Structures are given as structure tokens and as C-alpha cells.
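Residue numbers start from 1 in every chain, and the chains themselves are labelled A, B, ... in the order their sequence lines are given, proteins ahead of strands. Treat the numbers as computed from the prediction; the structure is a model and nothing was measured.
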Number of protein chains: 2
Amino acid sequence: MPRNASFDAPLATQFDEWQARGFDADACPVRNVLDRIGDKWTSLLIVALAAKPRRFSELHRAVPDISKRMLTQSLRDLQRDGLVTRHVFPTKPPSVEYRLSPLGQSALGPLAGLIDWAERSFAEIKASRAAFDAGDTSEQISAA
Amino acid sequence: MPRNASFDAPLATQFDEWQARGFDADACPVRNVLDRIGDKWTSLLIVALAAKPRRFSELHRAVPDISKRMLTQSLRDLQRDGLVTRHVFPTKPPSVEYRLSPLGQSALGPLAGLIDWAERSFAEIKASRAAFDAGDTSEQISAA
DNA sequence: TTCAGCAGTCTCTACTCAAGACCTATCGTC
DNA sequence: GACGATAGGTCTTGAGTAGAGACTGCTGAA
């Protein structure tokens, strides 16, 4: 990075590339994929399915405060993206099982990295929030 | 894969732990932190700041389709979480510079991992979406 | 004088999320 | 045969939130 020292060259270069391509929303993997990861429920569902395949009601019990509507919708989104597969068993009341596809399993690694970071940093983040909310904006008035 | 075999033991164990703790939203780092990462703008801003500190208008130009309102709000959130710091320079029109804090820089690694996965998987995801939208639900009707 | 740029704030609209009622089907119970 | 339970969802109805874009106060330049 010629302009200034870079904190993280690969990411910075990435950003310049995206910028050069005009941030086309359809072409930008970050916009596309992180929107799904951050979808409040989808990442939680991926983790829930990491252990084993689960049925609809089982998922509903496993993730307590999700509504059926959002569970349905999140699973459809994940299915549409090819991260989970849906298996219908023609039992008397039909039962439906959701499992991670190979693509979904390949997301577990990066996701685990992020979760690990989240757990390691959570105390610091909570402290920062408390300080901020207490009015300590920790702003620097720097010299011009 | 037998029903109870785990795809990814660490994550699965994590999930059981969260479940045991009742998914307390305040105590769950995932809910807390991933909501921010997936916030549509915040991760993009982190990447934008990875290269170098930037000023408000500079960020607004760098991320073209964010509104000032959302830019302000996203930066406040990041500042509150201690991921970015805000530096005010008392120049004639006051200029404000945002930079990644050490905590914010520590997020670049995991974030880069996720972005790398996103780029590698994007073609597959797009293909899956196209197939799904074309009506190929790729559902398995399995034997009971 | 008027304009442009900086760093935001304010308001208004439109969309989306979440809760919970409801639906279809089958089984077991009375 | 009616009654409720279970399974896997859909529909309806508020409430909250994102986004567009106008506005503010200040300065220096044309």
C-alpha cells in the first residue's frame, strides 16, 4: 500500500478492488455473503446444524426465541444459498430434516474463527460499551 | 454420517453450552458480536479502515451507497464497541478522522477468513441460488 | 455574494421483523 | 365420530428501523 502503511495489506487491496468495480452488489461477495452470515439467525442455525442434522421442531426448540416464521424463512435462505439441504421423510406426519451441505460445512471453519474472536474480545467490547454509555466517549481532540 | 456424529466438535460443544445457559442475549458473544459484524455496513467500514485512517467524507465516498445517517450510526456503533476511535482535529472546518483501534485490528484476521471463504464459495452460492429460483428445490424425498 | 465542502442532524416514508393466530394432515383417545 | 396433539408450516397485524434527502453552522475560495 503506497499511500500509507497498511494495517492489513490483503484486506486493503481487496477493498480497493471492490471499489474499482463500483461495489456492484451482485458481484460483491462480502455484501452478498456477510448479509446472510449476519442475519441474526442464520449463523446460529448453521452452528445448531453443525452438531447434527435436525428437524424443524427440533430447531425451533434448540433456538428458543426464534419465531416459526423466521425459522422457515432463514432455512429457506440457507437452502437457497446451498448451505443446508432439506430432506422430507414420508412418515405419517411428514417429518423434515435439515442438514449442512458440504458447502455449509466449509463455512464452519471461518465462522468458528469469528466466533472465537468474539468470545475472546467480548469482555473488552462490553467494557467499551459501558464506558461509552457512561459518557466517556474516549474521543481524542488531536492537534492539527 | 451417523446421526449423532459431529461435523465440527468445537462448534457443536459451544452450541450446547449456549443452549445450557439459555441463550442469554447479553451473555452470548455470537448474538452480540455477529449482529454487529453482519450489520451490512460495519464490516465494510472495518475493511475500509483496514488500509488507513479515513475521514468522514472520505468514508462516505469510499462506500458509495451508504447514507450519511447510516454512516454516522454505524461509526457510532463501532466506536461504542471500541473497534474504531474517533479523532477530532480542530482545524478551521473541523475534520474528524476514524481509525481502527487495536481491538478493531484484531478483528481483521477472522474477518479476512470469512471474506476469503465468501469469495471462494461465491460462485457455488450463486449457482445454488439460480437453481433454487428456477424451481429446482433440490429436496430429497428420503425413505422413512 | 454566492458557492462549495465538512461533519453531521432531522424528518418522512417504506420496508421488514416479530408475535402469534391459523391451516392441513394424521394419529391416538374417548 | 369429535377432540386434541404433533408436525411443518402460512397469514395477519402492529412496531421498529433503514434510507433518501433536506437542513444546519462554519469556513475559505471565486
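- Every residue two or more places apart in sequence or in another chain was checked for a salt bridge (charged side-chain N to carboxylate O under 4.0 Å, His left out) with A:Arg54, and none qualifies.
- OP1 or OP2 of C:dG8 lies within a sub-4.0 Å distance of a side-chain N or O belonging to B:Arg76.
- Note on B:Ser95: only backbone sugar-phosphate atoms sit closer than 4.0 angstrom, heavy atoms only; bases stay farther off.
- A nucleotide of DNA chain D counts as in contact with chain A when one of its atoms lies under 4.0 Å from a heavy atom; the first and last such, 5' to 3', are D:dA7 to D:dT12.
- A salt bridge links B:Arg99 to B:Glu97: one of the charged nitrogens lies within less than 4.0 Å of a carboxylate oxygen.
- We find that CD1 of B:Ile66 is positioned 15 Å from P of C:dA7, with the value rounded to whole Å.
- The phosphate of C:dG8 has OP1 or OP2 within less than 4.0 Å of a side-chain N or O from B:Arg86.
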Quiz: residues 67-74 of chain B side-chain donor-acceptor pairs under 3.5 angstrom, not counting sequence neighbours:
unit_1  : atom_1 : unit_2  : atom_2 : d
B:Ser67 : OG     : B:Met70 : N      : 3.2
B:Thr72 : OG1    : B:Lys68 : O      : 2.9
B:Ser74 : OG     : B:Met70 : O      : 2.7

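- Distance NZ (A:Lys68) to C1' (C:dG20): 10 Å, rounded to an integer number of Å.
- As rounded to whole Å, 18 Å separates atom C1' of C:dG8 from atom CZ of B:Phe89.
- A 4.5 Å side-chain heavy-atom check between A:Asp81 and A:Arg36 finds at least one atom pair inside the cut-off.
- For B:Trp117, the side chain to side chain donor-acceptor pair (under 3.5 Å) partners are A:Ser106, B:Ser121, not counting sequence neighbours.
- Put simply, B:Ser57 has a side-chain N or O that comes within less than 4.0 Å of OP1 or OP2 on C:dA7.
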Report, one pair per line, the protein and nucleotides 13-18 of chain C atoms (nitrogen or oxygen only) whose separation is under 3.5 Å.
unit_1 : atom_1 : unit_2  : atom_2 : d
C:dA18 : OP1    : A:Lys40 : NZ     : 3.1
C:dA18 : OP2    : A:Trp41 : NE1    : 3.4

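- For C:dC6, the OP1/OP2 oxygens have no side-chain nitrogen or oxygen of B:Arg54 closer than 4.0 Å.
- Between B:Leu75 and B:Tyr98, some side-chain heavy-atom pair lies under the 4.5 Å cut-off.
- Within the structure, every pair that satisfies the salt bridge (charged side-chain N to carboxylate O under 4.0 Å, His left out) test and touches residues 108-117 of chain B, not counting sequence neighbours, is listed here: B:Asp116-B:Arg120.
- Scanning both residues, A:Val63 and B:Phe15, for their nearest heavy atoms gives CG2-CZ, 4.3 Å.
- When side chains are defined from C-beta on, B:Arg86 counts as touching B:Arg76, because their heavy atoms get closer than 4.5 Å.
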